[in-house]
Amino acid sequence: MRNSPLPTRLATLAISVFFAIALASNSSAAVFVVDRNDDPASASACTDAPNDCSIRGAIAMADSLASDDTIVFDPAVFGANSVIPLNSGVLRVFGNGKLLIDGSAAGFVTLDAQNRSGTGVFLIEAKADVTVSHLTIRRGNRGLVNGGGVENKGIFSLSHSTVTANRAAAGGAIYNISGRLTVSNSTICFNQSAYGAVHNVGSTAVAEITDSTICGNTATYGGGIYVSSGAVSLGNTIVANNTASLGPDVYQNVNSLGYNLFGNSAGMTVSGAGTDDQFDVDPMLDPAGLADNGGNSMTVALLAGSSALDKGNGFASDDQRGEARPVDDPDSEDGSGNLADIGAFEFQPVVADPDPDPVPGFDFGGFQMPIDQFALNLAKGGSAVPVKFSLNGFHGFEIFAEGYPASVEIACDSVEPNGDPSPVSMPGRSGLTYDGTSDTYSFEWKTERGWRGTCRRLLVGLSDGSVHSADFRFR
(Lines give C-alpha, C1' and ligand atoms only; values in the text may rest on other atoms or scores of the structure.)
Protein backbone atom coordinates (compact mmCIF):
# COMPACT_ATOMS: atom_id res chain seq x y z
CA MET A 1 0.00 0.00 0.00
CA ARG A 2 1.23 3.51 -0.70
CA ASN A 3 0.41 4.71 2.79
CA SER A 4 2.34 1.81 4.35
CA PRO A 5 3.74 1.88 7.88
CA LEU A 6 7.40 2.57 8.64
CA PRO A 7 9.57 0.92 5.93
CA THR A 8 11.30 -2.12 7.34
CA ARG A 9 14.61 -1.22 5.76
CA LEU A 10 15.09 1.60 8.31
CA ALA A 11 16.32 0.22 11.58
CA THR A 12 17.37 3.47 13.13
CA LEU A 13 16.02 3.55 16.66
CA ALA A 14 15.35 7.29 16.70
CA ILE A 15 13.17 7.06 13.62
CA SER A 16 11.35 4.03 14.91
CA VAL A 17 10.43 5.84 18.09
CA PHE A 18 9.39 8.93 16.17
CA PHE A 19 7.17 7.00 13.81
CA ALA A 20 5.56 5.07 16.63
CA ILE A 21 4.53 8.33 18.24
CA ALA A 22 3.34 9.79 14.94
CA LEU A 23 1.28 6.76 14.05
CA ALA A 24 -0.19 6.45 17.52
CA SER A 25 -1.54 9.98 17.31
CA ASN A 26 -3.63 9.17 14.23
CA SER A 27 -4.39 5.58 13.27
CA SER A 28 -4.97 6.54 9.63
CA ALA A 29 -1.83 8.63 9.32
CA ALA A 30 0.74 7.79 6.66
CA VAL A 31 4.51 8.10 6.98
CA PHE A 32 6.46 8.73 3.80
CA VAL A 33 10.22 8.25 3.77
CA VAL A 34 12.06 10.33 1.19
CA ASP A 35 14.81 8.07 -0.13
CA ARG A 36 16.26 10.03 -3.04
CA ASN A 37 17.90 13.44 -3.24
CA ASP A 38 16.51 14.55 -6.56
CA ASP A 39 13.09 15.97 -7.36
CA PRO A 40 10.98 13.94 -9.83
CA ALA A 41 7.22 14.16 -9.31
CA SER A 42 6.97 10.63 -10.68
CA ALA A 43 8.76 9.17 -7.63
CA SER A 44 5.59 9.11 -5.58
CA ALA A 45 5.04 5.43 -4.80
CA CYS A 46 6.76 5.80 -1.42
CA THR A 47 6.68 2.10 -0.58
CA ASP A 48 9.28 -0.17 1.01
CA ALA A 49 11.02 -0.37 -2.36
CA PRO A 50 14.20 1.71 -2.61
CA ASN A 51 14.49 4.96 -4.53
CA ASP A 52 10.76 5.45 -5.11
CA CYS A 53 9.99 8.49 -2.95
CA SER A 54 11.06 12.07 -3.72
CA ILE A 55 10.12 15.06 -1.57
CA ARG A 56 7.77 16.24 -4.33
CA GLY A 57 6.26 12.78 -4.70
CA ALA A 58 5.79 12.45 -0.93
CA ILE A 59 3.95 15.80 -0.76
CA ALA A 60 1.66 14.73 -3.62
CA MET A 61 0.90 11.45 -1.85
CA ALA A 62 0.14 13.25 1.41
CA ASP A 63 -2.18 15.64 -0.41
CA SER A 64 -4.08 12.68 -1.84
CA LEU A 65 -4.92 11.27 1.60
CA ALA A 66 -7.45 12.70 4.03
CA SER A 67 -5.21 12.13 7.06
CA ASP A 68 -2.53 13.80 9.12
CA ASP A 69 0.67 12.65 7.44
CA THR A 70 4.41 12.78 8.06
CA ILE A 71 7.35 13.07 5.68
CA VAL A 72 10.82 12.13 6.92
CA PHE A 73 14.19 11.51 5.28
CA ASP A 74 16.10 8.25 5.04
CA PRO A 75 19.32 8.79 7.05
CA ALA A 76 21.10 6.28 4.82
CA VAL A 77 20.57 8.69 1.90
CA PHE A 78 20.68 12.03 3.67
CA GLY A 79 23.93 12.35 5.55
CA ALA A 80 25.91 15.23 6.97
CA ASN A 81 25.22 17.74 4.20
CA SER A 82 22.50 16.79 1.72
CA VAL A 83 20.90 19.07 -0.86
CA ILE A 84 17.69 18.40 -2.79
CA PRO A 85 17.71 20.60 -5.92
CA LEU A 86 14.17 21.61 -6.86
CA ASN A 87 14.10 21.22 -10.64
CA SER A 88 10.32 21.17 -11.09
CA GLY A 89 9.28 24.43 -9.49
CA VAL A 90 7.85 25.30 -6.10
CA LEU A 91 6.72 22.59 -3.67
CA ARG A 92 2.97 23.25 -3.56
CA VAL A 93 0.89 21.90 -0.67
CA PHE A 94 -2.88 21.98 -1.18
CA GLY A 95 -3.82 20.39 2.13
CA ASN A 96 -5.86 17.33 2.99
CA GLY A 97 -5.13 16.96 6.69
CA LYS A 98 -2.10 18.20 8.57
CA LEU A 99 1.38 17.58 7.15
CA LEU A 100 4.64 17.38 9.09
CA ILE A 101 7.94 17.51 7.13
CA ASP A 102 10.69 16.57 9.58
CA GLY A 103 14.42 16.36 8.88
CA SER A 104 15.54 15.65 12.44
CA ALA A 105 16.51 12.01 11.86
CA ALA A 106 18.90 12.89 9.00
CA GLY A 107 21.86 15.24 8.77
CA PHE A 108 21.65 18.66 7.11
CA VAL A 109 18.79 18.52 4.58
CA THR A 110 18.53 21.56 2.30
CA LEU A 111 15.68 22.25 -0.11
CA ASP A 112 17.41 24.34 -2.78
CA ALA A 113 15.44 26.19 -5.46
CA GLN A 114 18.82 26.96 -7.11
CA ASN A 115 17.96 30.64 -7.66
CA ARG A 116 15.90 29.69 -10.70
CA SER A 117 13.86 32.67 -11.86
CA GLY A 118 10.24 32.47 -10.71
CA THR A 119 10.82 29.45 -8.44
CA GLY A 120 10.26 29.47 -4.69
CA VAL A 121 10.59 26.58 -2.26
CA PHE A 122 7.14 26.22 -0.61
CA LEU A 123 3.69 27.45 -1.59
CA ILE A 124 1.19 26.71 1.20
CA GLU A 125 -2.36 26.96 -0.07
CA ALA A 126 -5.28 28.25 2.03
CA LYS A 127 -6.55 24.82 3.18
CA ALA A 128 -3.09 23.47 4.07
CA ASP A 129 -1.68 23.06 7.58
CA VAL A 130 2.04 22.39 7.27
CA THR A 131 4.83 22.11 9.83
CA VAL A 132 8.46 22.09 8.66
CA SER A 133 11.25 21.29 11.10
CA HIS A 134 15.01 20.70 10.97
CA LEU A 135 15.44 21.78 7.34
CA THR A 136 17.06 24.56 5.34
CA ILE A 137 15.01 26.53 2.79
CA ARG A 138 17.40 28.11 0.34
CA ARG A 139 17.76 30.09 -2.90
CA GLY A 140 14.15 30.60 -3.88
CA ASN A 141 13.78 33.37 -6.46
CA ARG A 142 10.21 34.51 -7.13
CA GLY A 143 11.31 37.59 -9.10
CA LEU A 144 8.38 40.03 -9.14
CA VAL A 145 6.19 37.54 -7.25
CA ASN A 146 6.08 37.26 -3.45
CA GLY A 147 7.48 34.67 -1.06
CA GLY A 148 11.02 33.71 -2.06
CA GLY A 149 11.35 30.89 0.43
CA VAL A 150 7.75 30.37 1.53
CA GLU A 151 4.43 31.83 0.42
CA ASN A 152 1.84 31.00 3.07
CA LYS A 153 -1.90 31.33 2.56
CA GLY A 154 -2.88 28.70 5.12
CA ILE A 155 -1.23 27.55 8.34
CA PHE A 156 2.55 27.23 8.28
CA SER A 157 4.83 26.44 11.21
CA LEU A 158 8.63 26.50 10.99
CA SER A 159 10.95 25.24 13.72
CA HIS A 160 14.65 24.40 14.14
CA SER A 161 15.24 25.52 10.56
CA THR A 162 17.09 28.09 8.47
CA VAL A 163 15.70 30.26 5.66
CA THR A 164 18.48 31.93 3.69
CA ALA A 165 19.55 33.31 0.30
CA ASN A 166 15.99 33.68 -0.99
CA ARG A 167 14.59 36.66 -2.92
CA ALA A 168 11.22 38.00 -4.00
CA ALA A 169 9.28 41.20 -4.53
CA ALA A 170 7.89 40.96 -0.99
CA GLY A 171 8.73 38.52 1.73
CA GLY A 172 12.16 37.47 0.54
CA ALA A 173 12.14 34.65 3.07
CA ILE A 174 8.44 34.25 4.02
CA TYR A 175 5.34 35.96 2.64
CA ASN A 176 2.37 35.47 4.96
CA ILE A 177 -0.77 36.54 3.13
CA SER A 178 -3.94 36.13 5.17
CA GLY A 179 -2.40 33.05 6.76
CA ARG A 180 -1.27 31.94 10.18
CA LEU A 181 2.51 31.78 10.53
CA THR A 182 4.48 30.42 13.47
CA VAL A 183 8.28 30.54 13.56
CA SER A 184 10.27 29.13 16.48
CA ASN A 185 13.92 28.34 17.07
CA SER A 186 14.83 29.32 13.53
CA THR A 187 17.24 31.55 11.64
CA ILE A 188 16.01 33.87 8.86
CA CYS A 189 19.09 35.60 7.51
CA PHE A 190 20.58 36.95 4.27
CA ASN A 191 17.42 37.14 2.17
CA GLN A 192 16.43 39.96 -0.25
CA SER A 193 13.21 41.72 -1.25
CA ALA A 194 11.63 45.13 -1.61
CA TYR A 195 9.35 44.55 1.38
CA GLY A 196 10.77 42.58 4.29
CA ALA A 197 12.44 39.23 4.70
CA VAL A 198 9.21 38.37 6.54
CA HIS A 199 6.19 40.17 5.08
CA ASN A 200 2.80 40.04 6.79
CA VAL A 201 -0.21 41.21 4.81
CA GLY A 202 -3.98 40.79 5.11
CA SER A 203 -6.36 41.66 7.93
CA THR A 204 -6.44 38.01 9.04
CA ALA A 205 -2.70 37.46 8.67
CA VAL A 206 -1.18 36.50 12.03
CA ALA A 207 2.49 35.73 12.67
CA GLU A 208 4.22 34.72 15.89
CA ILE A 209 8.02 34.47 15.95
CA THR A 210 9.83 33.20 19.03
CA ASP A 211 13.36 32.10 19.96
CA SER A 212 14.61 33.12 16.51
CA THR A 213 17.25 35.25 14.81
CA ILE A 214 16.45 37.53 11.85
CA CYS A 215 19.63 39.12 10.51
CA GLY A 216 21.55 40.27 7.46
CA ASN A 217 18.47 40.70 5.26
CA THR A 218 18.11 43.57 2.77
CA ALA A 219 14.99 45.37 1.53
CA THR A 220 13.66 48.79 0.66
CA TYR A 221 11.12 48.71 3.50
CA GLY A 222 11.55 46.62 6.62
CA GLY A 223 14.84 44.81 6.15
CA GLY A 224 13.91 42.10 8.63
CA ILE A 225 10.13 42.39 9.00
CA TYR A 226 7.53 44.38 7.07
CA VAL A 227 4.06 44.55 8.61
CA SER A 228 1.72 45.74 5.89
CA SER A 229 -1.37 44.63 7.83
CA GLY A 230 -2.45 41.95 10.25
CA ALA A 231 -0.54 41.22 13.46
CA VAL A 232 3.06 40.13 14.10
CA SER A 233 4.21 39.15 17.59
CA LEU A 234 7.81 38.60 18.65
CA GLY A 235 9.26 36.93 21.73
CA ASN A 236 12.86 36.20 22.70
CA THR A 237 13.92 37.10 19.18
CA ILE A 238 16.82 39.04 17.66
CA VAL A 239 16.05 41.33 14.73
CA ALA A 240 19.31 43.07 13.92
CA ASN A 241 21.93 43.88 11.28
CA ASN A 242 19.29 44.11 8.55
CA THR A 243 19.30 46.88 5.92
CA ALA A 244 16.48 48.99 4.44
CA SER A 245 15.80 52.59 3.50
CA LEU A 246 12.83 52.68 5.90
CA GLY A 247 12.75 50.45 8.93
CA PRO A 248 16.17 48.78 8.75
CA ASP A 249 15.05 45.97 11.04
CA VAL A 250 11.26 46.34 11.36
CA TYR A 251 8.86 48.58 9.48
CA GLN A 252 5.52 49.41 11.10
CA ASN A 253 4.13 47.92 14.31
CA VAL A 254 4.89 44.60 16.03
CA ASN A 255 3.68 43.19 19.34
CA SER A 256 6.21 42.24 21.99
CA LEU A 257 5.91 38.98 23.88
CA GLY A 258 8.98 40.06 25.83
CA TYR A 259 12.76 39.64 25.73
CA ASN A 260 13.48 40.85 22.20
CA LEU A 261 16.60 42.59 20.90
CA PHE A 262 16.29 45.10 18.06
CA GLY A 263 19.44 46.44 16.43
CA ASN A 264 17.85 49.57 14.92
CA SER A 265 14.46 50.85 16.05
CA ALA A 266 14.02 53.42 13.25
CA GLY A 267 10.69 53.07 11.44
CA MET A 268 9.14 50.70 13.96
CA THR A 269 6.73 50.81 16.86
CA VAL A 270 6.29 48.10 19.47
CA SER A 271 3.10 47.34 21.35
CA GLY A 272 3.58 45.87 24.78
CA ALA A 273 7.28 46.67 24.96
CA GLY A 274 8.75 46.15 28.41
CA THR A 275 12.02 46.72 30.19
CA ASP A 276 13.16 43.27 29.07
CA ASP A 277 13.13 44.39 25.40
CA GLN A 278 16.35 45.96 24.10
CA PHE A 279 16.44 48.64 21.43
CA ASP A 280 19.30 49.97 19.32
CA VAL A 281 21.71 47.37 20.67
CA ASP A 282 24.37 45.42 18.78
CA PRO A 283 23.75 41.71 19.50
CA MET A 284 27.35 40.86 18.55
CA LEU A 285 26.51 38.15 16.05
CA ASP A 286 29.35 36.10 14.64
CA PRO A 287 30.68 38.06 11.62
CA ALA A 288 31.28 34.72 9.88
CA GLY A 289 27.51 34.52 9.45
CA LEU A 290 25.88 31.14 8.97
CA ALA A 291 28.06 28.28 10.15
CA ASP A 292 27.81 24.66 11.17
CA ASN A 293 27.45 25.11 14.92
CA GLY A 294 25.75 21.74 15.38
CA GLY A 295 22.19 20.54 14.87
CA ASN A 296 20.47 20.00 11.52
CA SER A 297 20.91 23.45 10.02
CA MET A 298 23.37 26.31 10.02
CA THR A 299 23.03 29.06 12.60
CA VAL A 300 24.53 32.45 13.39
CA ALA A 301 26.36 32.24 16.70
CA LEU A 302 26.46 34.82 19.47
CA LEU A 303 29.87 36.10 20.47
CA ALA A 304 31.07 36.22 24.05
CA GLY A 305 29.94 39.48 25.65
CA SER A 306 26.79 39.77 23.53
CA SER A 307 23.90 41.73 25.00
CA ALA A 308 21.69 38.77 24.11
CA LEU A 309 23.44 36.48 26.60
CA ASP A 310 21.32 35.61 29.64
CA LYS A 311 18.92 38.44 28.83
CA GLY A 312 16.10 36.33 27.40
CA ASN A 313 13.35 33.99 28.43
CA GLY A 314 13.13 31.08 26.03
CA PHE A 315 9.75 29.77 24.89
CA ALA A 316 11.34 26.33 24.37
CA SER A 317 13.76 24.24 26.43
CA ASP A 318 16.25 23.97 23.57
CA ASP A 319 17.70 26.15 20.83
CA GLN A 320 17.67 25.68 17.06
CA ARG A 321 20.49 23.12 17.28
CA GLY A 322 18.77 21.12 20.01
CA GLU A 323 21.15 22.43 22.68
CA ALA A 324 19.53 22.85 26.09
CA ARG A 325 18.59 26.27 27.31
CA PRO A 326 19.18 28.14 29.47
CA VAL A 327 22.94 27.65 29.76
CA ASP A 328 24.52 30.30 31.90
CA ASP A 329 27.49 32.33 30.71
CA PRO A 330 29.81 32.71 33.72
CA ASP A 331 30.98 36.10 32.41
CA SER A 332 27.50 37.58 32.05
CA GLU A 333 25.94 40.07 34.44
CA ASP A 334 23.19 37.62 35.33
CA GLY A 335 25.34 34.63 36.24
CA SER A 336 22.48 32.84 37.98
CA GLY A 337 21.63 30.31 35.28
CA ASN A 338 17.94 31.20 35.10
CA LEU A 339 17.78 33.24 31.89
CA ALA A 340 18.14 31.96 28.33
CA ASP A 341 19.88 33.81 25.51
CA ILE A 342 17.83 35.82 23.05
CA GLY A 343 17.54 34.36 19.56
CA ALA A 344 17.92 30.95 17.94
CA PHE A 345 21.37 30.27 19.37
CA GLU A 346 22.07 29.48 23.03
CA PHE A 347 25.68 30.36 23.75
CA GLN A 348 27.63 27.44 25.20
CA PRO A 349 30.59 28.83 27.17
CA VAL A 350 33.70 26.68 27.08
CA VAL A 351 34.49 25.67 30.64
CA ALA A 352 37.65 23.74 31.37
CA ASP A 353 37.02 20.37 32.96
CA PRO A 354 38.12 20.52 36.59
CA ASP A 355 40.73 18.06 37.78
CA PRO A 356 38.61 15.46 39.58
CA ASP A 357 41.38 14.79 42.09
CA PRO A 358 43.81 17.70 42.09
CA VAL A 359 47.19 17.06 43.67
CA PRO A 360 48.76 20.07 45.35
CA GLY A 361 52.28 20.91 44.20
CA PHE A 362 55.16 20.59 46.62
CA ASP A 363 57.65 23.38 47.24
CA PHE A 364 60.80 21.31 46.71
CA GLY A 365 63.74 23.13 48.28
CA GLY A 366 66.49 21.09 46.59
CA PHE A 367 68.72 18.30 47.95
CA GLN A 368 70.70 19.15 51.05
CA MET A 369 74.32 18.25 51.86
CA PRO A 370 76.07 15.95 51.31
CA ILE A 371 74.35 15.92 47.89
CA ASP A 372 74.99 18.67 45.33
CA GLN A 373 72.29 18.33 42.69
CA PHE A 374 74.25 20.52 40.26
CA ALA A 375 77.49 18.46 40.33
CA LEU A 376 78.65 14.88 39.83
CA ASN A 377 78.74 13.59 43.40
CA LEU A 378 81.33 11.03 44.53
CA ALA A 379 80.16 8.02 46.54
CA LYS A 380 81.50 4.61 47.54
CA GLY A 381 79.72 1.66 45.94
CA GLY A 382 77.99 -0.40 48.64
CA SER A 383 77.62 2.52 51.04
CA ALA A 384 74.42 4.19 52.26
CA VAL A 385 73.98 7.71 50.86
CA PRO A 386 71.89 10.05 53.06
CA VAL A 387 69.26 11.87 50.98
CA LYS A 388 67.76 15.00 52.54
CA PHE A 389 65.33 17.61 51.18
CA SER A 390 62.61 20.06 52.23
CA LEU A 391 59.06 20.46 50.90
CA ASN A 392 58.36 23.59 52.93
CA GLY A 393 56.32 21.85 55.59
CA PHE A 394 55.16 18.38 56.52
CA HIS A 395 52.96 16.66 53.91
CA GLY A 396 52.74 13.19 55.40
CA PHE A 397 54.77 10.16 54.42
CA GLU A 398 52.91 9.29 51.21
CA ILE A 399 54.84 11.82 49.16
CA PHE A 400 56.55 9.51 46.66
CA ALA A 401 55.03 8.61 43.29
CA GLU A 402 54.69 4.92 42.51
CA GLY A 403 58.05 3.35 41.64
CA TYR A 404 60.13 6.07 43.33
CA PRO A 405 62.72 6.78 44.62
CA ALA A 406 64.66 5.06 41.82
CA SER A 407 68.03 5.12 40.13
CA VAL A 408 69.28 4.55 36.60
CA GLU A 409 72.75 3.99 35.18
CA ILE A 410 74.16 6.94 33.19
CA ALA A 411 77.25 7.46 31.01
CA CYS A 412 79.89 9.19 33.13
CA ASP A 413 80.98 11.48 30.30
CA SER A 414 77.66 12.46 28.67
CA VAL A 415 75.43 11.64 31.69
CA GLU A 416 72.94 10.08 29.25
CA PRO A 417 70.74 7.35 30.82
CA ASN A 418 71.56 3.78 29.95
CA GLY A 419 68.66 1.43 30.67
CA ASP A 420 65.50 1.70 32.75
CA PRO A 421 65.18 3.07 36.30
CA SER A 422 64.83 0.61 39.19
CA PRO A 423 63.56 1.32 42.73
CA VAL A 424 66.23 2.11 45.32
CA SER A 425 66.97 -0.01 48.38
CA MET A 426 66.91 1.40 51.89
CA PRO A 427 69.09 -0.33 54.52
CA GLY A 428 67.55 -1.73 57.67
CA ARG A 429 64.80 0.50 59.09
CA SER A 430 66.01 3.65 57.39
CA GLY A 431 62.73 4.50 55.64
CA LEU A 432 61.45 8.01 55.05
CA THR A 433 61.61 10.26 58.15
CA TYR A 434 60.77 13.88 58.86
CA ASP A 435 62.49 16.32 61.24
CA GLY A 436 60.11 19.15 62.13
CA THR A 437 62.85 21.28 63.70
CA SER A 438 64.83 21.51 60.47
CA ASP A 439 61.83 20.89 58.18
CA THR A 440 63.70 18.04 56.52
CA TYR A 441 62.60 14.77 54.93
CA SER A 442 65.37 12.13 54.76
CA PHE A 443 66.06 8.54 53.80
CA GLU A 444 69.18 6.46 53.11
CA TRP A 445 69.91 5.15 49.65
CA LYS A 446 71.64 1.73 49.83
CA THR A 447 74.05 1.56 46.88
CA GLU A 448 75.65 -1.63 45.50
CA ARG A 449 79.33 -2.64 45.45
CA GLY A 450 78.96 -3.65 41.78
CA TRP A 451 78.39 0.00 40.85
CA ARG A 452 82.06 0.88 41.51
CA GLY A 453 83.57 2.50 38.46
CA THR A 454 80.14 3.49 37.10
CA CYS A 455 77.81 6.47 37.32
CA ARG A 456 74.12 6.59 38.29
CA ARG A 457 71.33 9.08 38.63
CA LEU A 458 69.14 9.21 41.72
CA LEU A 459 65.48 9.99 40.86
CA VAL A 460 63.10 11.25 43.54
CA GLY A 461 59.62 11.32 42.04
CA LEU A 462 56.89 12.98 44.10
CA SER A 463 53.12 12.51 44.04
CA ASP A 464 52.62 15.99 42.56
CA GLY A 465 54.17 14.72 39.34
CA SER A 466 57.58 16.32 39.76
CA VAL A 467 60.85 14.35 39.54
CA HIS A 468 64.10 15.62 41.09
CA SER A 469 67.50 14.13 40.31
CA ALA A 470 71.19 14.08 41.36
CA ASP A 471 74.12 12.33 39.59
CA PHE A 472 76.78 10.15 41.22
CA ARG A 473 80.13 8.55 40.32
CA PHE A 474 80.93 5.43 42.35
CA ARG A 475 84.47 4.47 43.40
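The residues of the chain are indexed from 1 along the displayed sequence.
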Is there a donor-acceptor contact under 3.5 Å from the side chain of [X] to the main chain of [Y]?
X    : Y    : result
T164 : C189 : yes
N255 : S271 : no
N166 : I137 : yes
D63  : V93  : no
D211 : A316 : yes
T162 : M298 : yes
T119 : N141 : no
D286 : A301 : no
D68  : A29  : no
S161 : L158 : no

Got more than 12 heavy atoms from elsewhere within 6.0 Å of [atom1], [X]?
X    : atom1 : result
F78  : CZ    : yes
R180 : CZ    : no
F190 : CZ    : yes

Practice item. Show your reasoning for whether side chain to side chain contact (heavy atoms under 4.5 Å, CB included) applies to E208 and L181. Key: CA-CA 6 Å; E208 180 175 289; L181 170 67; over 6 Å; no

Exercise for review: Kindly determine whether F315 and L257 satisfy side chain to side chain contact (heavy atoms under 4.5 Å, CB included), including the steps that lead there.
Suggested key: CA-CA 10 Å; F315 285 70; L257 303 176; 3.9 Å; yes

Interatomic spacing from [atom1] in [X] to [atom2] in [Y] - rounded to 0.5 Å:
X    : Y    : atom1 : atom2 : value
I124 : N176 : CD1   : CG    : 11.0 Å
D35  : F73  : CG    : CZ    : 11.0 Å
S212 : I238 : OG    : CD1   : 10.0 Å
L290 : T187 : CG    : OG1   : 6.5 Å
S178 : N200 : OG    : CG    : 9.0 Å
R116 : S88  : CZ    : OG    : 8.0 Å

Check your understanding: Which atom names give the shortest non-hydrogen contact between H199 and S228, and what distance separates them?
Key -> NE2-CB, 3.5 Å

Exercise for review: For residues G147 and A168, report the shortest heavy-atom separation together with the two atoms involved.
Suggested key: N-CB, 3.6 Å

We want to know whether [X] and [Y] form a side-chain donor-acceptor pair, criterion being a heavy-atom distance below 3.5 angstrom.
X    : Y    : result
S466 : D464 : yes
N217 : N242 : yes
D52  : T47  : yes
S82  : N37  : no
T210 : N236 : no
Q320 : S297 : yes
N264 : D249 : no
D318 : H160 : yes
N185 : R325 : yes

I'd like to check [X] versus [Y] (side-chain heavy atoms, cut-off strictly below 4.5 Å). Are they in contact?
X    : Y    : value
Y404 : L459 : yes
V198 : I188 : yes
V150 : Y175 : no
L234 : I225 : yes
V250 : Q252 : no

Check your understanding: Run the side chain to side chain contact (heavy atoms under 4.5 Å, CB included) check on V109 and N296 step by step: do they pass?
Key -> CA-CA 7 Å; V109 179; N296 296 90; over 6 Å; no

Point to revise | Lys/Arg-Asp/Glu bridge criterion (N-O < 4.0 Å) met for R142, E151 | key: yes

**Study point:** Partner of R138 under side-chain contact (heavy atoms from CB on, under 4.5 Å), chosen from N115, T110, V163, N191
**Key:** T110

Point to revise | Residue of the set N87, D38, I84, D39 for which side-chain contact (heavy atoms from CB on, under 4.5 Å) holds with R56 | key: D39

Check your understanding: Can you say whether the rings of Y195 and Y221 are parallel (under 30°), tilted (30 to 60°) or perpendicular (over 60°)?
Key -> parallel

Practice item. Could you please spell out the steps behind the side chain to side chain contact (heavy atoms under 4.5 Å, CB included) verdict for S463 and F362? Key: CA-CA 9 Å; S463 58; F362 296 129; 3.4 Å; yes

